[in-house]
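Worksheet: the structure to be examined is printed underneath.
Each chain gets a letter, A, B and so on, in the order the sequences are listed, and its residues count up from 1.
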There are 2 protein chains.
Amino acid sequence: MDNSDKKLPSHAKGKAEPPSPGPTRAKLEDVASLAKVSLATASRAINQPDIVRPAIRERVLRAVEMLAYTPDRAAKALSSGRSHTVGAVVPTLGNAIFADGVEALEVGLGARGYTLILAHSQYDPAREFRQIRSMLEYGVDGLVLVGDSFAPDSLPLIRQHRRPLVTTYVCTSRQNIAAIGIDNRRATYGMTRYLLELGHREFAVIANTGMPNDRSKARLDGILDAIGEQGIRLPPDRIIEAAQPTIVAGREAFRRLRAAHPGVTAFLCTTDAMAVGAVAEARREGIRVPEDVSITGFDDVEIAGETDPPLTTVRVPAAEIGTLAANQLIRIIEGEPIPMSTQLEATLVIRGSTGPVAAPALRKRRPRAAVV
Amino acid sequence: MDNSDKKLPSHAKGKAEPPSPGPTRAKLEDVASLAKVSLATASRAINQPDIVRPAIRERVLRAVEMLAYTPDRAAKALSSGRSHTVGAVVPTLGNAIFADGVEALEVGLGARGYTLILAHSQYDPAREFRQIRSMLEYGVDGLVLVGDSFAPDSLPLIRQHRRPLVTTYVCTSRQNIAAIGIDNRRATYGMTRYLLELGHREFAVIANTGMPNDRSKARLDGILDAIGEQGIRLPPDRIIEAAQPTIVAGREAFRRLRAAHPGVTAFLCTTDAMAVGAVAEARREGIRVPEDVSITGFDDVEIAGETDPPLTTVRVPAAEIGTLAANQLIRIIEGEPIPMSTQLEATLVIRGSTGPVAAPALRKRRPRAAVV
DNA sequence: CTGAAAGCGCTTACAG
DNA sequence: CTGAAAGCGCTTACAG
């Protein structure tokens with residue numbers, strides 16, 4: 001305590017030196033000689049216990065215990081060609097949907113003896129490529145990615161290294177990659193159908209397609225498909241493509257859309273964070289939700305259920321995606337086949353931010369000619 | 001697209017097989033013979049370019065290019081004793097404060113050629129110990145942890161492996177670990193002083209000390225110290241120790257505290273998520289913030305500025321912590337000394353969720369005897 | 001079931 | 001500045 005300087009930021013005087021030498025770490029050779037067996041037997045007793053005679057096995061395991069032996073993974077990786085390591089690159093950890101998926105992935109991997117190497121791309125394919133290359137060079141046994149659009153060199157590189165690959169948050173890939181996730185298009189299609197049934201005819205969309213992003217693109221498509229079926233067109237100026245899926249971006253987008261198109265009754269957002277911003281901005285402007293406008297999100301992160309009103313949204317089973325990604329990737333690594341497509345359910349969660357359109361009959365029947 | 005089954009969840013018929021054989025990956029030996037130099041020279045041309053004659057260096061680098069050579073990190077690690085890998089274990093990625101720190105850590109590490117191995121402990125010291133052991137066995141060059149309380153075996157194990165260690169989100173350690181973070185006690189001390197100056201005398205605390213957690217403990221201490229100086233005592237039933245720092249936990253804690261202690265005017269929460277829940281619950285109950293009660297958070301995550309009213313909180317410089325942790329750890333790894341304590345500023349961010357206590361004179365002067 | 005030995009792909013003293 | 005060779009700590013055919 002007393003060496004914490006009071007100025008901020010501060011550097012105390014105490015220095016942390018690199019650790020100094022001491023007793024050396026035990027290696028397999030030490031275990032073998034203590035147990036009076038060969039290196040090979042020691043190795044087998046540890047890795048394939050039932051292939052070695054019980055008495056000997058016991059001796060080896062006791063030696064392991066006594067020496068607190070812990071295998072050198074680098075040596076193991078080099079000689080066996082397997083690192084027991086999996087690489088994952090996600091767009092960002094800032095979105096709870098990815099944070100949750102990564103947590104579940106790590107748990108699933110750890111349970112099977114695999115270690116997670118993590119990187120984030122900030123939605124930048126070039127960055128993602130570099131991360132992938134670094135992981136491959138690192139010797140990962142497999143990779144977990146997000147989505148289905150990559151830098152042109154990424155997939156060839158992975159294939160050249162012959163490493164198994166699984167992609168997530170989408171349920172199909174056009175590039176012959178096993179995919180585990182939801183059908184984004186269909187989810188927003190369902191959401192939009194629900195809004196249509198509530199009587200909404202005037203839509204606007206806040207999409208985070210600013211950064212090329214196939215999930216958001218699919219979500220936008222689902223919306224357009226559903227309203228298109230009803231003969232409704234969405235002029236480009238009713239779609240705002242936010243660069244970042246943040247609360248602030250949602251707030252700002254709502255403000256602009258509302259100002260330009262006061263007649264819009266339903267605002268669809270492609271992420272919860274943006275919807276939270278839209279709801280906050282609506283409140284600030286004295287616009288009632290859902291009486292005046294309906295607002296929807298996507299993801300169902302924790303905050304979605306806690307806004308006022310709580311958000312109608314789509315639940316993305318992030319933890320399930322992470323768990324399945326771990327299991328399936330390990331299965332490929334270990335030579336078993338897995339399905340090319342695992343589609344998880346994306347549930348429509350109806351809460352208070354949506355409601356019937358106000359005076360729909362009035363709005364619809366009002367003859368356009370009369371307005372002029 | 002057409003192989004996505006329509007039932008949910010579904011497994012399409014297509015199977016992902018393990019990758020099949022193809023052209024083999026180039027090794028350093030291939031580079032050396034293509035460049036007509038020895039293995040040693042090839043290695044040097046790549047790793048210590050200025051130690052080798054320019055003409056030869058060029059030849060080697062050209063060969064690297066032609067063969068798309070990428071070094072085998074496991075072999076490199078085994079022969080050099082350095083893995084260029086750093087392990088980090090954080091309590092959870094679910095809290096933006098850690099997600100942001102991990103992102104910055106990864107960027108800082110990547111910029112210096114280090115790869116991040118990540119795990120999360122779910123606030124469980126035993127889990128953390130296992131993660132640490134696995135990383136050590138993996139051969140990480142150093143470790144980044146959070147806080148200053150660990151399972152009893154963790155530190156001895158790290159020291160036995162002689163691996164550098166840095167801890168974060170706290171600015172001092174009692175265990176002789178270099179620490180990079182804020183002074184949690186002092187931050188809530190300042191926050192509480194501010195509330196005292198607004199006239200508040202009746203406090204309650206929502207702390208996430210349910211899981212043993214030295215940061216939250218320090219935050220609680222800072223509050224108690226500040227009010228203690230004013231001769232105010234905080235009965236235990238005015239402190240709720242939530243097990244998880246979630247919105248729901250904050251909401252529930254606020255409800256219980258308010259019901260039991262209607263006279264409390266200031267609710268201090270040790271995380272923003274819990275404060276968001278408290279504000280939401282206050283609104284639900286028709287209690288005005290800040291007119292009736294003031295509520296404060298801690299962390300300053302994005303949502304803190306977007307609630308209604310926005311939260312008064314303490315900004316934790318998570319990205320800066322992550323960046324500094326990367327830099328300092330690498331410095332120790334590379335044999336340079338670093339400060340034992342790096343204290344970053346935890347700024348008090350005053351927003352709309354706090355205000356002067358309502359009719360303080362009235363409240364204070366009302367003779368207790370009269371109530372009876 | 002066990003052991004001796006080669007080999008995984010690099011780095012790095014040690015000579016030259 | 002360059003090269004031949006040993007060695008990092010394991011695994012794994014290959015014999016026995």
Side-chain angles (χ1 to χ4, degrees), chain A residues 24-61 63-64 67-85 113 115 136-141 161-162 334, chain B residues 24-61 63-64 67-85 113 115 136-141 161-162 334:
Chain A
T24 178
R25 178 175 162 187
K27 53 182 75 166
L28 189 57
E29 197 183 321
D30 301 322
V31 171
S33 62
L34 180 57
K36 306 206 181 303
V37 296
S38 72
L39 254 183
T41 301
S43 172
R44 290 188 195 107
I46 292 166
N47 299 309
Q48 316 167 55
D50 22 58
I51 225 181
V52 68
R53 214 188 317 166
I56 296 196
R57 185 202 314 153
E58 288 313 315
R59 244 161 55 211
V60 172
L61 296 183
V64 165
L67 299 171
Y69 169 72
T70 177
D72 181 315
R73 297 276 228 115
K76 211 161 174 163
L78 181 58
S79 59
S80 71
R82 290 266 306 277
S83 68
H84 278 267
T85 261
T115 298
L136 253 12
E137 160 172 326
Y138 196 85
V140 294
D141 290 338
H161 281 255
R162 278 186 229 105
E334 302 188 340
Chain B
T24 176
R25 176 175 165 188
K27 54 181 73 167
L28 188 57
E29 196 183 322
D30 302 321
V31 171
S33 61
L34 180 57
K36 306 205 181 304
V37 296
S38 71
L39 253 181
T41 301
S43 172
R44 290 187 195 108
I46 292 167
N47 298 309
Q48 318 166 56
D50 22 60
I51 225 182
V52 69
R53 216 188 317 166
I56 295 194
R57 185 202 315 152
E58 288 314 313
R59 248 165 48 214
V60 173
L61 296 184
V64 165
L67 299 171
Y69 169 71
T70 178
D72 180 314
R73 298 277 229 113
K76 214 163 171 159
L78 181 58
S79 59
S80 71
R82 289 266 305 276
S83 67
H84 278 267
T85 263
T115 298
L136 253 12
E137 162 172 325
Y138 197 84
V140 294
D141 291 337
H161 281 253
R162 280 188 227 102
E334 302 187 340

Select one nucleotide: of [options], the one nearest the side-chain heavy atoms of [X].
{"X": "Ala40(A)", "options": "dC10(D), dT11(D), dG3(C)", "answer": "dG3(C)"}
{"X": "Ser79(B)", "options": "dG9(D), dT11(D), dG7(D)", "answer": "dG7(D)"}
{"X": "Ser80(B)", "options": "dT2(C), dC8(D), dT12(C)", "answer": "dT12(C)"}
{"X": "Thr41(A)", "options": "dG3(C), dG9(C), dG9(D)", "answer": "dG3(C)"}
{"X": "Arg53(B)", "options": "dC1(D), dT11(D), dG3(C)", "answer": "dC1(D)"}

Atom [atom1] of [X] and atom [atom2] of [N]: how far apart are they, to the nearest Å?
{"X": "Glu29(A)", "N": "dC10(D)", "atom1": "CD", "atom2": "P", "value": "9 Å"}
{"X": "Leu67(A)", "N": "dC10(D)", "atom1": "CG", "atom2": "P", "value": "12 Å"}
{"X": "Leu39(B)", "N": "dA5(D)", "atom1": "CG", "atom2": "P", "value": "12 Å"}
{"X": "Asp72(B)", "N": "dC10(D)", "atom1": "CG", "atom2": "C1'", "value": "14 Å"}
{"X": "Ile46(B)", "N": "dC10(C)", "atom1": "CD1", "atom2": "C1'", "value": "10 Å"}
{"X": "Asn47(B)", "N": "dT11(C)", "atom1": "CG", "atom2": "C1'", "value": "8 Å"}
{"X": "Leu28(B)", "N": "dT11(C)", "atom1": "CG", "atom2": "P", "value": "6 Å"}
{"X": "Arg25(B)", "N": "dC8(C)", "atom1": "CZ", "atom2": "P", "value": "14 Å"}

Next item on the list: With a 3.5 angstrom cut-off on both distances, give the Watson-Crick or G-U wobble partner of dC1(D), or none if there isn't one.
Entry: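 dG16(C) - that is the nucleotide pairing with dC1(D), both distances being under 3.5 Å.
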Note to self: Between Gln48(B) and Arg57(B), does the side chain to side chain contact (heavy atoms under 4.5 Å, CB included) criterion hold? Intermediate values first, please.
What the structure shows: CA-CA 10 Å; Gln48(B) 318 166 56; Arg57(B) 185 202 315 152; over 6 Å; no
Check whether any side-chain N or O of [X] sits under 3.5 Å from a backbone N or O of [Y] as a donor-acceptor pair, and report yes or no.
{"X": "Arg25(A)", "Y": "Thr70(A)", "value": "yes"}
{"X": "Ser43(A)", "Y": "Leu39(A)", "value": "no"}
{"X": "Thr41(B)", "Y": "Val37(B)", "value": "no"}

Notebook entry, point to check: Between Leu78(B) and Val37(B), which has a closest nucleotide on DNA chain D that is more 5'?
Noted result: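 Its nearest nucleotide lies further toward 5', so the answer is Val37(B).
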Ignoring backbone atoms, establish whether [X] has a side-chain N or O less than 4.0 Å from OP1 or OP2 of [N].
{"X": "Tyr69(B)", "N": "dG9(C)", "value": "no"}
{"X": "Ser43(A)", "N": "dT11(D)", "value": "yes"}
{"X": "Ser38(A)", "N": "dG3(C)", "value": "yes"}

Next item on the list: For dC14(D) and dC10(D), measure between their P atoms and round to the nearest Å.
Entry: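 It comes out at 24 Å once rounded to the nearest Å.
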Check: When all nucleic acid strands are considered with a 4.0 Å heavy-atom cut-off, which category describes Arg73(B): base, sugar-phosphate, or nothing?
Finding: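 Nothing, no nucleic acid heavy atom in range.
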Note to self: Whether the side chain of Arg44(A) and the base of dG3(C) hold a donor-acceptor pair under 3.5 Å is what I'd like checked.
What the structure shows: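 Such a pair is found, so the answer is yes.
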Next item on the list: Answer with yes or no whether the side chains of Tyr138(A) and Ser83(A) bring together a donor and an acceptor at under 3.5 Å.
Entry: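 There is no such pair (donor and acceptor under 3.5 Å, judged by atom type) between the side chains of Ser83(A) and Tyr138(A).
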Note to self: For Glu58(B), I'd like to know if atom CD has over 12 heavy atoms of other residues, nucleotides or ligands within 6.0 Å.
What the structure shows: yes
